[in-house]
Amino acid sequence: MNIYKEISNSIIGKLKEIPEIKDYLTPQILNNIAIEIPKVRDFGDFSTNAAMLLTKSLGKKPRDIAELLVSYIKEIPNVETVSIAGPGFINIKIKDTHIKETIFSGNFNPDTEKKQKIDLDYGGYNVGKTLHIGHLRTTVVGDTFNRIAKFLGHTTKSYNHMGDWGRPMGLIIAWILENGMPSNVDDINRMYPASSARAKEDPAWLEKAQKITVELQNGNPEYKKIYDTFIPMSLGQVNQLLKRLNILTFDENKGERLIAEYVPTVEKILEEKNILEHSDGAEIITVKQDTDTEPMPPVMWKSSAGAQTYAAADLTAIYYREKTDNPDSIVYFTDNRQTLHFKQIFRAARLVGFAENAELQHIGFGTITGSDGKPFKTRDGNVPSLDDMLNIVAESVRKRVSESGKKLSDETIEKIALAALKFNDLMHDVKSDYIFDVDSVTNFEGRTGPYILYTAVRLNSILKKVGEISVTQDCDLLPEERDLLMFLLDFNRVTETAFEKRAPYILANYAYDLCKLINTFYHTCPIMRDDIEEKVKSQRLMIVKQSLNVLSKSIELMGLEIPEEM
RNA sequence: GCGCCCAUGGCUCAAUUGGAUAGAGCAUCUGACUACGGAUCAGAAGGUUGAGGGUUCGAAUCCUUCUGGGCGCGCCA
């Protein structure tokens, strides 16, 4: 169901039938014809700029052209009225009966025409580091995008490209050799920062760690044994937190370590194609092009110490993914500080001829900052772990609940906290930095996750009181009802846009706007009161039902859960 | 130095990617049917979209110059 597409196609089809203009509809003009939903709802349900685009080629005034187009557009089925406004916009209003028919059918399934195969790369957690605020966006945005793509019928494969094979491993092992084995994951999480700090001050220590890294990668059994004992602890912690965050299980946890098995194969290909160069003891791939105006350093394939680099892992991963998935595109969701890195990797891939049929795309998002514009830290100057952040939000929910005298289960409180944290992240445009303000995340009024859940819970609560809903008699729609229904009709277009733009925030903002309309409707249109006529009642119940239908789908796509009560 | 990204009411964000009167939330002020669940709703106030110039029927959006901020620029991942 996509009424937007339906109307769009009908209008374009009609225009092509008009003898006076059909010869002027060049591909360029057709491409520029916009069928839009006007910002000001009073203008109509849809509008088009077609008349304005034809002024030049026809040599007529836009409003005159509009007159002509209107006489044809009127003939489109389900169109109630067509009018001209402003400089020559054509505004179209759809028949109420058609809106109701479409919505009440309850079919909100997408009608994706071209289904794609997409590899997704997000998460990319590091062994030895607790998941912290810096992992929030890649996780939440990646996961939601994955859900949207699946919903639209695309085939996705999510990769968690773990950082489990680089120098941090050498640093941890060096630390263990001196201080003994870790007894739990917290020990490990302390080791890496400690060892890393020491390496900054002590060059000998750094060198030692580098050496261990190379030897580990070359199969040193002693190091491998240590490695094999602390890796599961670290992974266990990651998985536990992902579960708490309600993130879909990754299809592949193929990190740098597992991808390393394919590095020799890729290296062979690189050598055969004569792409590798030696430079200062390292092996590199030149990706600079003559037209570049920006700095474009070479891809480091192997460090001069002989260690596998992260670039090698990423390039090899492209090779692996092409072989196993043959995807239409590979999309990476990471911090935008890695923009240059991925540009290099993608160029290298093109040079070697990897994934030639796939679009390689890096979605770089901004940093979560404190109100000072610097990367977010807690008051004591530490980077907060995701677990801690959730606990802080949950505590705030608990406080609010107890103040209001309600009693909610821990499970419900957790769901509300998760919604607060995740929605706050999802609603921001991916590419820009955003300020993480603890006060506004723990304030549950207005544009927040709890507001969204609350809306859904209320709708549920009404529906619980009634049985089967059927609309048999037609009755008029109030403006608040009509606005809501029109907005529901937009759901499919929104999910498609969010998918195409790789921008889950579009869905998040849609969900919020939907809730606003639902709450307005809820207030102005009483349902269960005794003085409400039966036919009005059943129509409103149907509106409630279908609103919840769309809302709960949106909530699910954001990886949130509706509690029983709140 | 070279390059990429950003700049929208006091604060935090939108604007369907060139459309009509730049919309929301927070904070402030005023209200709401004895709450179909008040974590709600209605209203008021708040803007020369960082500055200048350009492109066109039309610019927050595109081009250009400047100002201010963030980030990146071969052996960290």
Side-chain angles (χ1 to χ4, degrees), chain A residues 4 32 34 36-40 42-43 47 49 52-53 55-56 61-62 85-89 91 124 126 129 163 165-168 196 199 210 256 279-284 292-305 307 309-311 313-314 335-341 343-344 364 366-367 369 371 373-375 397 400-401 404 406 416 424 427-429 431-435 437 439-440 443-448 450-451 453-455 457-458 461-462 465 490 493-494 497 501 505-506 509-510 512-513 516 519-520 522-529 532 540 544 565-566:
Chain A
Y4 175 78
N32 279 323
E36 295 173 312
I37 299 165
K39 269 186 230 162
V40 184
D42 295 343
F43 287 144
S47 77
N49 60 350
M52 272 119 72
L53 293 174
T55 46
K56 266 194 183 157
K61 285 184 198 154
F89 285 101
N91 292 323
N126 304 304
K129 271 194 231 169
W165 204 230
R167 187 181 300 167
S196 178
Q210 275 176 322
E256 296 174 341
S279 171
D280 295 336
E283 301 199 26
I284 61 165
D292 282 339
T293 52
E294 62 181 318
M296 188 55 68
V299 169
M300 295 296 300
W301 174 257
K302 195 178 270 181
S303 80
S304 51
T309 62
Y310 73 115
D314 270 326
D335 197 292
N336 62 19
R337 279 175 288 201
Q338 294 190 45
T339 303
L340 178 58
H341 164 68
K343 215 175 232 176
Q344 292 173 274
T367 313
T369 71
S371 45
K374 302 213 170 93
V397 176
R400 188 189 179 99
V401 168
S404 70
K406 286 178 189 167
I416 298 170
N424 181 259
M427 72 184 207
H428 296 95
D429 184 352
K431 63 174 179 289
S432 49
D433 292 356
Y434 80 86
I435 293 177
D437 177 20
D439 291 339
S440 69
N443 171 17
F444 310 114
E445 270 142 41
R447 199 183 195 87
T448 63
Y451 173 82
L453 295 188
Y454 179 74
T455 308
V457 168
R458 286 166 112 194
S461 140
I462 289 190
K465 298 185 171 116
D490 211 19
R493 194 180 64 97
V494 166
T497 310
K501 310 276 182 213
Y505 80 94
I506 292 176
N509 285 309
Y510 172 84
Y512 170 72
D513 291 337
K516 279 218 77 171
N519 282 319
T520 302
Y522 187 91
H523 259 264
T524 46
C525 305
I527 301 166
M528 304 305 274
R529 256 179 17 203
I532 302 297
R540 286 182 182 169
V544 167
E565 54 169 355
M566 67 184 278

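Every chain is numbered from 1 and lettered A, B, ... according to where its sequence line falls, protein lines coming before strand lines.
Of the nucleotides present, G23(B) is the one that pairs with C13(B) by Watson-Crick or G-U wobble criteria, both distances under 3.5 Å. Taking a pair to require two hydrogen-bonding distances under 3.5 Å in either a Watson-Crick or a G-U wobble arrangement, C2(B) pairs with G72(B). Remark: A60(B) base-pairs with no nucleotide in the shown strands. Criterion, Watson-Crick or G-U wobble with two distances under 3.5 Å. A 3.5 Å limit on both hydrogen-bonding distances identifies no Watson-Crick or G-U partner for U34(B). With both pairing distances under 3.5 Å, A51(B) is matched to U65(B) as a Watson-Crick or G-U wobble pair.
Note: CG (Asp42(A)) to C1' (A20(B)) measures 12 Å, nearest angstrom. Protein atom NE2 of His428(A) is 13 Å distant from nucleotide atom P of A7(B), rounded to whole Å. Rounded to an integer number of Å, the gap from CZ of Phe43(A) to P of U21(B) is 7 Å. In this entry the distance linking CG of Asn443(A) with C1' of U12(B) reads 11 Å, nearest Å. When rounded to the nearest whole Å, the span between CG of Asp433(A) and C1' of U12(B) equals 14 Å. Look at CD on Glu445(A): it is 11 Å from P on U28(B), rounded to the nearest Å. Met296(A) places its CE atom 12 Å from the P atom of G74(B), with the value rounded to the nearest Å.
Comparing the same atom, C1', in C33(B) and in A14(B) gives a spacing of 32 Å after rounding to whole Å. Nucleotides G58(B) and A44(B) have their C1' atoms positioned 32 Å apart, rounded to a whole Å. Atom P of G19(B) sits at a distance of 25 Å from the matching atom of C4(B), rounded to the whole Å. Taking the P atom of each, C11(B) and G47(B) are spaced 12 Å apart, rounded to whole Å. Rounded to whole Å, the C1' atom of G3(B) lies 32 Å from the corresponding atom of U48(B). Taking the C1' atoms as reference points, A24(B) lies 15 Å from A42(B), given to the whole Å. With both ends at atom P, the span from U16(B) to G54(B) equals 26 Å, rounded to whole Å. For the C1' atoms, the distance linking G46(B) with C63(B) amounts to 33 Å, nearest Å.
The nucleotide whose nearest atom lies closest to any side-chain atom of Ser304(A) is, among C13(B), C75(B), G19(B), C75(B). Checking G3(B), A20(B), C75(B) against every side-chain atom of Ala85(A), the shortest atom distance belongs to A20(B). Nearest nucleotide to the Ala282(A) side chain, out of A14(B), C75(B), G74(B): C75(B). Among the nucleotides C41(B), G74(B), G19(B), the one closest to the side chain of Leu53(A) is G19(B). Comparing G72(B), A24(B), G70(B) against the side chain of Leu340(A) picks out G72(B) as the nearest. Here the nucleotide nearest the side chain of Val401(A), chosen from U17(B), G72(B), A39(B), is A39(B). The side chain of Pro295(A) approaches G72(B) more closely than any other nucleotide in the set G19(B), A20(B), G72(B). Closest to the side chain of Ser432(A), from the set A14(B), U12(B), C26(B), is A14(B). Here U16(B) is the nucleotide among G72(B), U16(B), C13(B) with the atom lying nearest to any side-chain atom of Lys39(A). Distances were taken from every side-chain heavy atom of Thr520(A) (C-beta onward) to each of G25(B), A20(B), A42(B); the shortest belongs to A42(B).
Annotated as anti: U28(B), whose glycosidic dihedral deviates from 0 by more than 90°.
In terms of phosphate contacts, Arg540(A) brings no side-chain nitrogen or oxygen within less than 4.0 Å of OP1 or OP2 of C36(B). An OP1 or OP2 oxygen of G25(B) is reached within less than 4.0 angstrom by a side-chain nitrogen or oxygen of Lys516(A). For the pair Tyr310(A) and A77(B), the criterion of a side-chain N or O lying under 4.0 Å from OP1 or OP2 is not met. Proximity of Lys406(A) to the phosphate of A39(B): a side-chain N or O atom is located under 4.0 Å from OP1 or OP2. Applying the 4.0 Å criterion to OP1 and OP2 of A14(B), one finds that Tyr434(A) has every side-chain N and O outside that range. The side chain of Asn519(A) contributes no N or O atom lying less than 4.0 Å from OP1 or OP2 of U40(B). Taking only side-chain nitrogens and oxygens, Tyr505(A) comes nearer than 4.0 Å to OP1 or OP2 of A15(B).
If you check distances only, the side chain of Ser47(A) does reach the base of A20(B) with a donor-acceptor pair under 3.5 Å. A donor N or O paired with an acceptor N or O is found under 3.5 Å between the base of U17(B) and the side-chain atoms of Lys501(A). Under 3.5 Å, the side chain of Arg493(A) and the base of U16(B) form at least one donor-acceptor pair of N or O atoms. Side chain Thr339(A) to base C4(B): no donor-acceptor pair is found below 3.5 Å. For a distance-only test at 3.5 Å, the side chain of Asp429(A) fails to qualify as a donor-acceptor partner of the base of A15(B).
The existence of a salt bridge linking Lys343(A) and Glu294(A) is confirmed by a sub-4.0 Å separation between a basic side-chain nitrogen and an acidic carboxylate oxygen.
Contacts of Arg529(A) with the nucleic acid, taken as non-hydrogen atoms under 4.0 Å apart, are absent. Looking at heavy-atom distances under 4.0 Å, Pro62(A) makes no contact with the nucleic acid at all. Contacts of Ile435(A) with the nucleic acid, taken as non-hydrogen atoms under 4.0 Å apart, involve only primed sugar atoms and P, OP1 or OP2.
The CZ atom of Arg400(A) sits 7.0 Å away from the CG atom of Asn443(A) when rounded to the nearest 0.5 Å. The NE2 atom of His341(A) lies 3.5 Å from the CG atom of Asp314(A); values are rounded to the nearest 0.5 Å. In this structure, CG on Asp433(A) lies 11.0 Å from NE2 on His428(A), to the nearest 0.5 angstrom. Interatomic distance, CG of Asn336(A) versus OG1 of Thr367(A), reported as 6.0 Å (0.5 Å rounding). Rounding to the nearest 0.5 Å places CD of Glu256(A) at 9.0 Å from OG1 of Thr309(A). Tyr434(A) contributes atom OH, which lies 5.0 Å from atom CG of Asn424(A) (distance to the nearest 0.5 angstrom).
Applying the 5.5 angstrom centroid cut-off and the 30 degree plane-angle cut-off, the aromatic ring of Phe89(A) is stacked upon the base of A20(B). The aromatic ring of Tyr522(A) does not stack onto the base of U40(B), failing the criterion of a centre distance under 5.5 Å from the six-membered base ring together with planes under 30° apart.
Within the 4.5 Å cutoff, the side chain of Met427(A) has no heavy atoms near those of the Tyr512(A) side chain. Between Tyr310(A) and Met300(A), the closest side-chain pair of non-hydrogen atoms is not below 4.5 Å. Here the side chains of Ile506(A) and Val494(A) are in contact, with some heavy-atom distance below 4.5 Å.
Mapping Arg400(A) and Gln210(A) onto RNA chain B by nearest heavy atom places Arg400(A) closer to the 5' end of the strand. Between Ser404(A) and Arg447(A), the residue anchored closer to the 5' end of RNA chain B is Arg447(A), taking for each the nucleotide with the nearest heavy atom.
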